[in-house]
Amino acid sequence: VHISPRPPTKLATALADADQLRAAGDATAAAALLEQALSTSRADESTGLVEFTLGRIYLEDLDAPDKAAAAFGNLIALGTPRGLLEDAYARRIESLARAGRDAAARAALDDYDRLYPHGVRRQALHTLIK
Amino acid sequence: MKAMAPIVVIALAARASAEPQIDLARCTAFDRRALARAIDRELPELRDRHFAVIVECPDLVTAHIHVEPVPADGPIARSLDLGEVPGDLRLKLLALAVAELVEVAAKAAPSASAPTVPVAAPRRFGDPRDPQAFADAEPRAGTPRPTAPSTVDVAPRPTTRVAAIAPPGETSVDVTVPRERPPRWTIAPVLGMRLYASTRTALADAGAELGLRWLRVGIRGAIGRSTDALGTMRPWLAAVTATRELACAGWACALVRVEAGVAGVTAHAVASTTVATSATHGYADAMLAGELTKRFRGWTGTASVDAGWAEGLIARAGGRDAVSLAGAVVIGAIGARWP
């Protein structure tokens with residue numbers, strides 16, 4: 001019987017490195033690292049997590065809501081990890097609103113309401129998109 | 001911007017008592033310090049809110065998160081299937097989910113004011129362990145998913161985040177790391193069967209292991225019965241064991257185990273004309289084992305299969321090998337481990 005831990009994938013390694021860069025204050029380098037990893041690696045189970053992290057960096061650290069919306073949209077298109085899917089929908093709405101793309105934000109909010117009628121972010125999102 | 005750093009740090013320190021707490025005491029499946037660090041990295045900027053985020057991880061692939069007290073807008077909770085991502089990214093997934101719920105809770109109405117957005121039906125929050133399951137985590141089938149470009153350019157950084165200009169210790173949210181440490185020792189009784197391949201000798205097996213940080217030590221006894229035309233033989237062995245984990249992945253571990261002790265065969269002849277001689281001999285074996293574990297509240301169930309090679313004794317009857325406690329051996333066992 002031979003059981004050994006699976007070695008980290010390229011995306012997982014990039015994610016760990018990006019976390020360190022971000023913690024050190026270099027969010028730009030963290031985002032660039034994740035973008036490069038996504039463009040040069042095959043999609044795997046780590047991809048959704050990388051897209052979500054990238055979206056958070058763009059939205060929270062780099063004030064790039066358009067790029068954040070794209071990253072969250074990529075996770076939504078992947079559909080995994082499901083545990084972050086509702087957050088990805090909500091963050092995409094928030095990103096679109098901050099980017100001034102009101103019509104897209106409203107359409108995304110309609111999607112959210114339809115998919116998550118009891119969503120934990122419903123109240124806050126409706127307050128945001130009035 | 002750098003000149004503002006001391007002011008920001010002082011303001012954060014003054015707000016420390018109003019920060020959310022992350023309770024990891026019920027997350028026993030992970031290294032809590034590592035989880036606390038991962039969460040701390042992901043937490044949003046601090047807000048003046050009084051709430052706690054309770055994280056429960058009954059096993060390595062399940063997590064339940066909820067916010068206490070329940071906000072006026074309704075309960076905030078989530079269940080996660082951590083098995084969706086590779087093992088080395090589960091802490092990351094859990095940390096992100098916790099950070100997102102902190103963000104939600106920070107925006108939620110803290111008092112009993114009625115929500116202004118009508119909802120189809122209130123969610124119930126009777127059971128804090130799994131109040132929401134995946135009901136809100138998975139989109140309904142057939143709904144269109146938005147698409148987005150797969151690559152985008154990296155924009156220059158126009159703003160500086162607080163975490164980037166102040167020491168991490170002064171900007172981190174008060175992540176509660178319980179004082180409880182992983183147990184220094186565990187005790188694990190096991191029951192099983194062992195089979196010596198050459199003579200198909202089967203023995204019932206029982207023992208107990210004391211688990212220390214790097215090694216498990218234990219005692220093991222086994223007894224069997226074999227009937228031959230010339231008589232009956234009862235093989236037995238008593239041994240001490242030492243076990244070391246080689247590698248673990250999720251709930252599966254590979255182990256190496258050695259046993260050393262005494263083996264014997266007690267012989268009884270069926271006829272008075274037959275001479276039966278009992279014997280004892282030193283015994284040792286070395287095995288590779290695969291072990292599966294399932295964590296329950298307060299204890300862990302185990303199932304293992306060992307395969308290896310033994311040096312012991314062989315009892316013969318009428319010139320034939322009748323009972324063997326040597327050669328290739330396989331052991332299957334189940335057990336329980338506390339705490």
Side-chain angles (χ1 to χ4, degrees), chain A residues 1-6 8-9 12 15 19 22-23 25 27-28 31-32 35 38-39 45-46 48-49 52-53 56 58 60-64 66-67 69-74 76-77 79-87 89 92 108 111 114-124 126-127, chain B residues 41 44 73-74 76 78 80-81 84-89 92-93 96-97 100-101 104 107-109 115-117 119-121 123 134-140 143 145-159 161 163-165 168 247-249 252-254 288-290 305 307:
Chain A
V1 178
H2 291 285
I3 301 170
S4 57
R6 189 167 49 172
T9 65
L15 201 49
D19 279 346
R22 192 184 184 201
T28 303
E35 289 282 10
L38 284 169
S39 62
E45 307 103 302
S46 317
L49 218 48
F52 194 82
T53 302
R56 281 170 57 96
Y58 280 139
E60 296 174 3
D61 299 339
L62 301 180
D63 196 20
D66 268 321
K67 293 174 181 173
F72 291 125
N74 288 341
I76 292 167
T80 181
R82 290 176 300 162
L84 293 177
L85 211 45
E86 181 185 349
D87 299 308
Y89 273 97
R92 182 168 177 267
D111 283 344
R114 192 169 60 253
L115 294 168
Y116 304 102
H118 312 304
V120 294
R121 293 177 179 267
R122 198 161 183 265
Q123 178 83 29
H126 276 267
T127 304
Chain B
R41 276 199 297 268
D73 300 339
I76 298 173
R78 181 154 304 162
L80 291 174
D81 176 5
E84 284 190 290
V85 297
D88 51 337
L89 291 179
K92 172 80 174 175
L93 173 57
L96 283 170
E100 290 296 316
L101 278 202
V104 172
K107 290 176 180 172
T116 58
V117 175
V119 294
R123 283 186 306 158
F134 293 104
D136 287 342
E138 189 171 17
R140 292 171 181 172
T143 53
R145 285 173 171 167
T147 57
S150 59
T151 59
V152 285
D153 295 332
V154 178
R157 183 183 180 199
T159 59
R161 199 181 183 207
I165 59 173
C248 290
C253 281
L288 282 175
V305 175

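Just so it is clear: chains get the letters A, B, ... in the order the sequence lines come, proteins before strands, and each one is counted from 1.
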- Do you know which two heavy atoms are closest between A:P81 and B:L93, and how far apart they sit? CG-CD1, 3.9 Å
- Message: Ignoring hydrogens, what is the shortest heavy-atom contact between B:D88 and A:A12? Give both atom names and the distance.
- Response: OD2-CB, 3.9 Å
- Could you state the interatomic distance from CG (A:L15) to NZ (B:K92), rounded to the nearest 0.5 Å? 4.5 Å
- Taking every heavy-atom pair that is under 4.5 Å apart, which of A:G48, A:A108, A:S46 has the most such pairs with chain B? A:S46
- Task: Look up atom CZ in A:R121 and atom CD in B:E100, then write down how far apart they are to the nearest 0.5 Å.
- Result: 4.5 Å
- Message: To the closest 0.5 Å, what do you measure between CD (A:E45) and CG (B:L89)?
- Response: 9.0 Å
- Query: How long is the gap from CG on B:L96 to CG on A:L49, to the nearest 0.5 Å?
  - Reply: 5.5 Å
- Does a side-chain heavy-atom distance below 4.5 Å link B:E84 with A:R82? yes
